[in-house]
Peer 1: 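Here it is: the structure, laid out below.
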There are 2 protein chains.
Amino acid sequence: MADTGAPGGETLLFLTDEQLRKGIEAMFFAYRGFTADPDRILDGLDYGRAHHRAIHFINRQPGLTVNALLNVLGVTKQSLNRVLRTLIEDGLVESRVGRKDKRERHLHLTERGTALERELSEAQRVRMRAAYRAAGPQAVAGFRQVLEAMMDPDLRRQYQMMGAGS
Amino acid sequence: MADTGAPGGETLLFLTDEQLRKGIEAMFFAYRGFTADPDRILDGLDYGRAHHRAIHFINRQPGLTVNALLNVLGVTKQSLNRVLRTLIEDGLVESRVGRKDKRERHLHLTERGTALERELSEAQRVRMRAAYRAAGPQAVAGFRQVLEAMMDPDLRRQYQMMGAGS
DNA sequence: GATTTTAAGTCAGCCTTGTTGACTTTCCAA
DNA sequence: TTGGAAAGTCAACAAGGCTGACTTAAAATC
């Protein structure tokens with residue numbers, strides 16, 4: 001109702017509260033699906049979602065420091081440390097003292113860590129691939145556009161920088 | 001590389017592992033933004049994300065039963081009960097005995113509950129609206145398509161049914 | 001009418017993953 | 001040599017998941 005006076009003359013029906021609410025609920029339900037497959041795998045092992053996230057980003061940027069990982073994940077060092085310690089103890093992650101700056105620890109996946117990463121991310125990719133294929137390339141472009149616009153500016157910068165090396 | 005032999009002749013570059021990985025990371029970072037604003041509001045009160053979710057869906061479907069809410073949220077009744085109890089004690093949610101089936105409790109938001117719901121969802125909508133506006137209607141359509149395709153079939157059905165009343 | 005099933009709620013205890021705060025160790029750099 | 005940054009550690013706590021066992025009330029079924 002009261003659709004008059006639209007600036008620019010374009011239809012802005014996609015900005016109604018109803019449409020926004022549908023988008024909010026879509027995010028909620030889709031995120032559940034998004035995490036379901038890796039969660040199932042991690043259930044059997046002694047790990048959780050926090051371990052998955054750490055493994056993902058260590059694989060993504062081998063040699064990144066603990067501090068850098070902290071920033072990407074958005075948790076405290078105490079929280080990350082607990083997770084990281086178990087991964088190191090179990091031989092999935094290696095922590096190497098920095099050569100230039102020996103205070104820093106550079107994180108790498110071991111062979112076993114790489115194997116688990118592959119298993120987890122492949123499970124996640126299977127679902128993404130199916131969703132992408134079902135929706136088509138144009139929809140995927142829109143999907144990525146909206147998600148980027150939803151990020152906090154700091155995280156968006158990090159996200160975009162991570163893709164620069166490809 | 002090796003782009004030969006694409007079935008159907010269409011370009012399938014949007015299905016590469018690299019593109020899928022970008023999508024996965026986009027979901028991760030965007031979800032952080034998605035929850036950030038309500039989380040900030042809830043921080044001041046004694047509530048958390050679980051309370052927000054309960055309030056959201058009670059507002060969405062006034063009078064729904066505890067069991068129905070359980071299914072939507074995908075948690076155990078013990079977990080939901082803890083959250084629900086505080087909301088009822090604090091006078092944000094009302095639990096009415098069913099008229100037809102007196103075993104059932106039908107959940108409604110009180111005035112105060114409605115007020116909090118509005119505050120939370122408006123904060124979330126502000127961000128969504130900005131993202132939608134920045135990306136444009138076509139991108140939004142794609143965004144919704146991909147998210148729907150990512151959901152588990154059961155949840156997708158629930159999601160679609162919830163929109164039927166509008 | 002008696003029995004079984006269902007919806008809801010409760011109690012106890014556990015786990016993961018987040019938080020603060022205080023403190024130590026290491027080591028670079030001014 | 002001293003200050004500060006990076007990392008790690010210990011303790012304590014909270015939210016919000018989980019399982020299991022149990023009660024109550026009411027509906028459904030036999």
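Convention: sequence-line order gives letters A, B, ...; per-chain numbering from 1. What you see is a predicted model; the values in this text were computed from it and never measured.
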Peer 1: Mark yes or no for whether A:Lys22, through its side chain, and B:Gln160, through its backbone, hold a donor-acceptor pair below 3.5 Å.
Peer 2: no
Peer 1: Specify the separation, in whole Å, of atom CG of B:Asn67 and atom C1' of C:dT5.
Peer 2: 13 Å
Peer 1: Whole angstroms only, please: what is the CZ-P distance between B:Arg49 and C:dT16?
Peer 2: 20 Å
Peer 1: Could you point out which residue of A:Arg40, A:Arg127, A:Arg32 forms a salt bridge (Lys or Arg N to Asp or Glu O under 4.0 Å) with B:Asp152?
Peer 2: A:Arg127
Peer 1: With a 4.0 Å limit, can you tell me whether A:Arg53 has a side-chain N or O closer than that to the phosphate oxygens OP1/OP2 of C:dG18?
Peer 2: yes
Peer 1: Could you check A:Arg105 against A:Asp46 and say which one's nearest nucleotide on DNA chain C is further toward the 5' end?
Peer 2: A:Asp46
Peer 1: Measure distances between side-chain N and O atoms of B:Arg103 and base N and O atoms of C:dT6, and say whether any donor-acceptor pair falls under 3.5 Å.
Peer 2: yes
Peer 1: Quick one, which residues of residues 72-85 of chain A touch DNA chain D with a heavy atom under 4.0 Å?
Peer 2: A:Lys77, A:Gln78, A:Asn81
Peer 1: Could you go through the salt bridge (charged side-chain N to carboxylate O under 4.0 Å, His left out) check for A:Arg129 and A:Glu122 one step at a time?
Peer 2: CA-CA 10 Å; A:Arg129 201 178 290 122; A:Glu122 183 50 28; 3.6 Å; yes
Peer 1: Rounding to an integer number of Å, can you tell me how far A:Arg99 CZ sits from C:dC28 P?
Peer 2: 14 Å
Peer 1: Please report the distance, rounded to the nearest Å, between OH in B:Tyr47 and P in D:dG16.
Peer 2: 12 Å
Peer 1: Rounded to whole Å, how long is the line connecting atom CG of A:Asn71 with atom C1' of D:dA7?
Peer 2: 14 Å
Peer 1: Whole angstroms only, please: what is the CG-P distance between A:Leu64 and D:dA7?
Peer 2: 10 Å
Peer 1: At under 4.0 Å, does any side-chain N or O of B:His51 touch on OP1 or OP2 of D:dG16?
Peer 2: yes
Peer 1: NA contact type, B:His106, heavy-atom cut-off 4.0 Å: base, sugar-phosphate, or nothing?
Peer 2: nothing
Peer 1: How many Å lie between CG on A:Leu87 and P on C:dT17, as a whole number?
Peer 2: 10 Å
Peer 1: Hey, does the side chain of A:Gln124 reach the backbone of A:Asp37 with a donor-acceptor pair shorter than 3.5 angstrom?
Peer 2: no
Peer 1: Donor-acceptor check, side chain of B:Thr110 to backbone of B:Leu92, threshold 3.5 angstrom: yes or no?
Peer 2: yes
Peer 1: Ignoring hydrogens, what is the shortest heavy-atom contact between B:Ala123 and B:Ile41? Give both atom names and the distance.
Peer 2: CB-CD1, 3.7 Å
Peer 1: Spell out, as yes or no, whether a donor-acceptor pair under 3.5 Å connects the side chain of B:Ser95 to the backbone of B:Leu107.
Peer 2: no
Peer 1: Roughly how many Å is it from CG in B:Asp43 to P in D:dA14, rounded to a whole number?
Peer 2: 15 Å
